[in-house]
Amino acid sequence: MGGGAAGFFGAIACAEANPHLRVYLIEKTGKLLSKVRISGGGRCNVTHAADTPAQLVQHYPRGAKQLKEPFKQFGAVDTVRWFERRGVRLKTEADGRMFPVTDSSETIAQALLTAADKAGVCILTHTTAEHIATLPTGGFRLHLTGTHAQELEVARLLIATGGAPKAAQYDWLRALGHTIAEPVPSLFTFNVPESPLRDLPGVSVPHARVRIAGEKLEYEGPILVTHWGVSGPAVLKLSAWGARRLHELAHRHTALVSWLPTYTEDSLRQWLLNFRGQHGKKLVASNPLFGLPQRLWRTLTEQAGIGAEVKWNELPSKSQNRLIEGLLRTALPVQGKTTYKDEFVTCGGVVLGEVDMKTMQSRRVPGLYFAGEVLDIDGITGGFNFQAAWTTGYLAGRAMADAPTV
């Protein structure tokens, strides 16, 4: 159940491992692999370059410990090989993200559709399982509505329906006997309606630190100023690691941005003292330092009360202190979040303690399996959520193929 990355991978793995099985893939909409198609700006960030499970698991705020063994069975290297065997070559970018060499997500979608077709997977779109009942002799009866309405009895069932933003949307899984970790958003940008940077949309800094005031949450990386607040990898990854705490704060908090994360207040003050001694006649506002964008530098000097004609050797200590504060701790009053493009990721889902992570089979309901975002697993940006989908889907599919037929 579910026509996304995990559902397709599970169906293909099952059908390829045991060609004698009849494998159905059920999707309630007419759109197959929709997240695959929009991922990475339409390029599809398939996975992340990582040679070992230890490298991979560092990027999962939820599920890291439980994914170690699954990644030994099917990790990033296996994903690359899987696609290469089907004629799709991947390339690695400087930050470790991996994309098809075509830079088109359609390449990945078509590879999955072709593999499913060759394996004999029967795909039912515009079809919903309105009711799932466990059978006394094992297996399940699905009451299907929509284009392919029917009563369908199956020996094993893989749930790969993705994440959902509301707890009530998991009630049908609770009815099957599973516990659900409350779903909250992950991977989102910060809305800052009263931003001191509101006149700087489009300005980016390749290395900054974002910290939540009063919390132990912080992350370093590129940051982008937007019309609505701030975005970029540093913000998105911070939102993933802090998903539950930020939800508790109702997404209202103060984000402190250090534009110079390699400096402390003391080291920055000393650096400026040396600079003033050598370049005292330079105008402060019109000569950006540290490689910062000119628009950002000018804004920080204006907020520090430094006029356009002030030279470094004329700069009052109070103004310099305000500039240091802005460089190391620009305060952004966050008032909400914005989903990152269309790539909604949920923190929450089926509790992992109720799933055998070697096979992805439910510990509560024999013959029931889980894969992908329906589980309480989520990664930061960079191909990690897809890798979790490929891995859990593959393990589930293979285990279903090997299980004795009811």
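Numbers for residues simply follow the sequence, beginning at 1.
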Donor-acceptor contact present, side-chain Arg364 to main-chain Gly177, <3.5 Å: yes
Closest non-hydrogen atom pair, Ala129 against Met1: CB-CE, 3.8 Å
Pair Phe386 and His48, ring centroids less than 6.0 Å apart: no
Distance-minimising heavy-atom pair for Val355 and Val351: CG2-O, 4.0 Å
Residues in side-chain hydrogen bond (donor to acceptor under 3.5 Å, both in side chains) contact with Thr102, at least two apart in sequence or another chain: Thr107
Side-chain donor or acceptor of Asp402 paired with backbone N/O of Ala399 under 3.5 Å: no
Heavy-atom closest pair, residues Ala76 and Ala50: CB-O, 3.7 Å
Geometric cation-pi criterion Arg85 and Phe83, 6.0 Å radius, 45° cone: no
Residues which pass side-chain hydrogen bond (donor to acceptor under 3.5 Å, both in side chains) with Glu130, listed by chain and number, not counting sequence neighbours: Thr145
Short side-chain to backbone donor-acceptor contact, Ser239 and Ser186, under 3.5 Å: no
Salt-bridge criterion met for Glu84 and Arg81 (N-O under 4.0 Å): no
Heavy-atom check, side chain of Ile26 versus side chain of Thr125, under 4.5 Å: no
Flag if over 12 foreign heavy atoms under 6.0 Å of NZ, Lys91: yes
For Arg298, salt bridge (Lys or Arg N to Asp or Glu O under 4.0 Å) partners two or more places apart: none
Partner set under side-chain hydrogen bond (donor to acceptor under 3.5 Å, both in side chains) for Thr179, not counting sequence neighbours: Glu354
Listed partners of Tyr394 passing ring-ring contact (aromatic ring centres under 6.0 Å, His included), at least two apart: Phe74
Residue pairs, two or more places apart or on separate chains, that pass side-chain hydrogen bond (donor to acceptor under 3.5 Å, both in side chains) and touch residues 2-17: Glu16-Arg86
Nearest atoms (heavy-atom pairs only) where Met400 meets Leu21: O-CD1, 4.4 Å
No-hydrogen, no-angle side-chain donor-acceptor test under 3.5 Å, Trp259 and Thr330: yes
Salt bridge (Lys or Arg N to Asp or Glu O under 4.0 Å) involving Arg363 - partner list, sequence neighbours excluded: none
Atom pair NE2 (His148) and SG (Cys122), whose distance is rounded to the nearest 0.5 Å: 7.0 Å
Side-chain heavy-atom pair Ile123, Val23 within 4.5 angstrom cut-off: no
Side-chain heavy atoms of Arg89 within contact of Pro100, under 4.5 Å: no
Which residues share a salt bridge (Lys or Arg N to Asp or Glu O under 4.0 Å) with Lys68, sequence neighbours left out: none
Lys/Arg-Asp/Glu bridge criterion (N-O < 4.0 Å) met for Arg269, Asp266: no
Set of residues satisfying side-chain hydrogen bond (donor to acceptor under 3.5 Å, both in side chains) with respect to His126, sequence neighbours excluded: none
Thr338 versus Asn191, side-chain donor and acceptor atoms under 3.5 Å: yes
Any donor-acceptor N/O pair, Ser39 side chain to Asn45 backbone, under 3.5 Å: yes
Test: Arg97 and Asp95 ion pair at under 4.0 Å: yes
Side-chain H-bond candidate by donor/acceptor type, Thr301 with Gln303, under 3.5 Å: no
N-O pairing of Glu220 and Lys237 below 4.0 Å: no
Nearest heavy atoms of Ser319 and Leu315, plus distance in Å: CB-CD1, 3.7 Å
Sub-4.5 Å side-chain heavy-atom contact between Arg141 and Leu152: no
Heavy-atom side-chain contact between Glu373 and Val345 under 4.5 Å: yes
Pairs where residues 275-297 contributes a residue and the test salt bridge (Lys or Arg N to Asp or Glu O under 4.0 Å) is met, not counting sequence neighbours: none
Gln55 side-chain N/O to Asp51 backbone N/O, donor-acceptor pair under 3.5 Å: yes
Note, Leu268 side chain near Leu260 side chain (heavy atom, < 4.5 Å): yes
Closest non-hydrogen atom pair between Leu292 and Leu327, with its separation: CD1-CD2, 3.6 Å
Distance-only side-chain donor-acceptor flag, Asn274 / Gln270, under 3.5 Å: yes
Backbone of Leu395 reached by a side-chain donor or acceptor of Gln73 within 3.5 Å: no
Ring center gap for Phe190 and His251 short of 6.0 angstrom: no
Side-chain donor or acceptor of Asn287 paired with backbone N/O of Leu283 under 3.5 Å: yes
With Glu215 via salt bridge (Lys or Arg N to Asp or Glu O under 4.0 Å) - residues at least two apart: Arg245
Heavy-atom side-chain proximity of His178 to Tyr170 below 4.5 angstrom: no
Donor-acceptor under 3.5 Å (Ser204 side chain, Leu224 main chain): no
SB check Arg62 Asp376 (cutoff 4.0 Å): no
Check: Phe71 ring centroid to Tyr60 ring centroid under 6.0 Å: yes
Carboxylate-amine/guanidinium proximity below 4.0 Å for Glu265 and Arg329: yes
Gln387 versus Thr391, side-chain donor and acceptor atoms under 3.5 Å: yes
Residue pairs involving residues 291-329 (criterion ring-ring contact (aromatic ring centres under 6.0 Å, His included); sequence neighbours excluded): Phe275-Trp312
Check: Leu328 and Ile324 side chains under 4.5 Å, non-hydrogen atoms: yes
